[in-house]
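Computed over heavy atoms, backbone and side chain alike; hydrogens, waters and symmetry mates excluded.
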Amino acid sequence: IKDFTQAKFYFEKLSNIYAYNKIALLSMMEIHSKFEEWNQVIEKGKLLNKEKKVKNYTRYLSKAYCESADYQNAIRVIKET
């Protein structure tokens, strides 16, 4: 967990410099998922959704929607992939 906390700090700094960095956003989704910060996962996922070429983010986004009891959006995300 300590490594994730340190990584989170650096990826947040990178996101502040360049908000749409795909690698940083995807990494932040994974880290927020580990900490069960589902609203943060959804927020980062919405930014990545604008970048249609990014892969593997939908699993984090659909899980975050499920954990937040937003099943309609979870199904929508799954169907869009």
Gap between atom [atom2] of [Y] and atom [atom1] of [X] - 0.5 Å precision:
X     : Y     : atom1 : atom2 : result
Ile23 : Leu25 : CD1   : CG    : 10.5 Å
Leu47 : Lys44 : CG    : NZ    : 7.0 Å
Tyr60 : Met28 : OH    : CE    : 13.0 Å
Asn73 : Cys66 : CG    : SG    : 10.0 Å
Phe11 : Asn21 : CZ    : CG    : 8.5 Å
Asp70 : Ile42 : CG    : CD1   : 6.5 Å

Heavy-atom closest contact ([X] atom, [Y] atom, distance):
X     : Y     : result
Gly45 : Leu61 : CA-CD1, 4.1 Å
Met29 : Leu48 : SD-CD1, 3.5 Å
Ser33 : Val41 : N-CG2, 3.6 Å

*asked:* Between Tyr10 and Leu14, does the side-chain contact (heavy atoms from CB on, under 4.5 Å) criterion hold? Intermediate values first, please.
replied: CA-CA 6 Å; Tyr10 288 109; Leu14 180 60; over 6 Å; no

_Non-neighbouring partners of Glu37 that pass salt bridge (Lys or Arg N to Asp or Glu O under 4.0 Å), sequence neighbours left out_ =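 Glu37 satisfies salt bridge (Lys or Arg N to Asp or Glu O under 4.0 Å) with Lys8 once adjacent residues are dropped.
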
*Return the set of residues passing salt bridge (Lys or Arg N to Asp or Glu O under 4.0 Å) with Arg76 (not counting sequence neighbours), or none when no residue passes.*
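Salt bridge (Lys or Arg N to Asp or Glu O under 4.0 Å) check on Arg76 returns Glu80.
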
_Restricting to side chain to side chain contact (heavy atoms under 4.5 Å, CB included), what partner residues turn up for Glu67, sequence neighbours left out?_
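If we apply the side chain to side chain contact (heavy atoms under 4.5 Å, CB included) test to Glu67, skipping adjacent residues, the hits are Trp38, Lys63.
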
